[in-house]
Structures are given as structure tokens and as C-alpha cells.
Amino acid sequence: MAMTRRVTLVWAALIGLTFASFTVGVEQGAGVASAAAVVIIGLALSKVRLIGLHFMDIRAAPCTLRLIFEGYVLVVFATLVTLDLVVS
């Protein structure tokens, strides 16, 4: 029962993050497009992290694998934000 509740809460969080990224994307103006892109990238990678930890069971994996996954998410975030700021 506890696992079903956890999965349901994570699913609801994923739906909320999807709605938040849609709202940020729709409401952006020309002056804040770069900041909105950083927020959307952050929200998307938060979803990647939630899916990895809860639906792919990286949460229960050995510490090394979890650290590699967390580092990967952080590196992808930093790379995408850097590319967005350089190209803009």
C-alpha cells in the first residue's frame, strides 16, 4: 500500500511539473525568454530525476550508481543552461 501511494504521489508531481513547464513556456515574453528556458530545463530535469529515482528504482541502487545518475542530471542541466546562455 505504501509503494502505491508513493508512486501515485510521484505521478501527481510529474503532472504538476508538466503543467508548470507548460505555464512558464506559454507566459514568457521576449525579455525573459532566456530565464524561462532555464526554468523549463530545470523542471524537465526534475522530472527526469523523479522518473529515474522512483520508476527505475535508482533510489534503491548502490550508492555509486545513484551518484553517477545524479551527476549526469547535474551535468546535463549545466550544459543545457550554458548552451542556452551562450547562444542567446
Side-chain angles (χ1 to χ4, degrees):
M1 182 70 164
M3 186 172 116
T4 304
R5 180 171 169 79
R6 179 182 55 83
V7 169
T8 302
L9 289 174
V10 171
W11 176 78
L14 289 169
I15 296 297
L17 288 170
T18 300
F19 181 73
S21 63
F22 172 76
T23 303
V24 170
V26 168
E27 297 297 324
Q28 72 180 356
V32 295
S34 184
V38 171
V39 170
I40 291 171
I41 291 168
L43 291 171
L45 287 172
S46 296
K47 290 169 40 177
V48 167
R49 186 174 179 274
L50 282 174
I51 290 169
L53 292 177
H54 296 283
F55 293 108
M56 298 174 72
D57 283 333
I58 294 176
R59 177 178 48 87
C63 187
T64 306
L65 180 61
R66 184 170 176 168
L67 286 174
I68 290 170
F69 176 72
E70 298 280 358
Y72 169 77
V73 171
L74 185 62
V75 167
V76 169
F77 176 75
T79 303
L80 290 176
V81 168
T82 302
L83 285 173
D84 179 61
L85 295 175
V86 168
V87 171
S88 295

Enquirer: In Å, rounded to the nearest 0.5 Å, how long is the span from OG1 of Thr79 to CG of Asp84?
Expert: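 Separation between the atoms: 12.5 Å.
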
Enquirer: With the 4.5 Å side-chain cut-off for hydrophobic clustering, are Phe77 and Tyr72 part of the same group?
Expert: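 Hydrophobic grouping puts Phe77 with Tyr72.
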
Enquirer: Can you list, pair by pair, the side-chain donor-acceptor contacts under 3.5 Å of residues 36-53, counting residues two or more places apart and other chains?
Expert:
from  : atom 1 : to    : atom 2 : distance (Å)
Ser46 : OG     : Gly42 : O      : 2.8
Lys47 : NZ     : Thr18 : OG1    : 2.9
Arg49 : NE     : Glu70 : OE1    : 2.8
Arg49 : NE     : Glu70 : OE2    : 3.3
Arg49 : NH2    : Glu70 : OE2    : 3.2

Enquirer: Report all side-chain donor-acceptor pairs from residues 54-62 shorter than 3.5 Å, counting only partners two or more places apart or in another chain.
Expert:
from  : atom 1 : to   : atom 2 : distance (Å)
His54 : ND1    : Arg6 : NH1    : 3.0

Enquirer: Under 4.5 Å side-chain heavy-atom separation, chaining through any Ile, Leu, Val, Met, Phe, Trp or Tyr, what else clusters with Leu74? Say none if it is isolated.
Expert: none

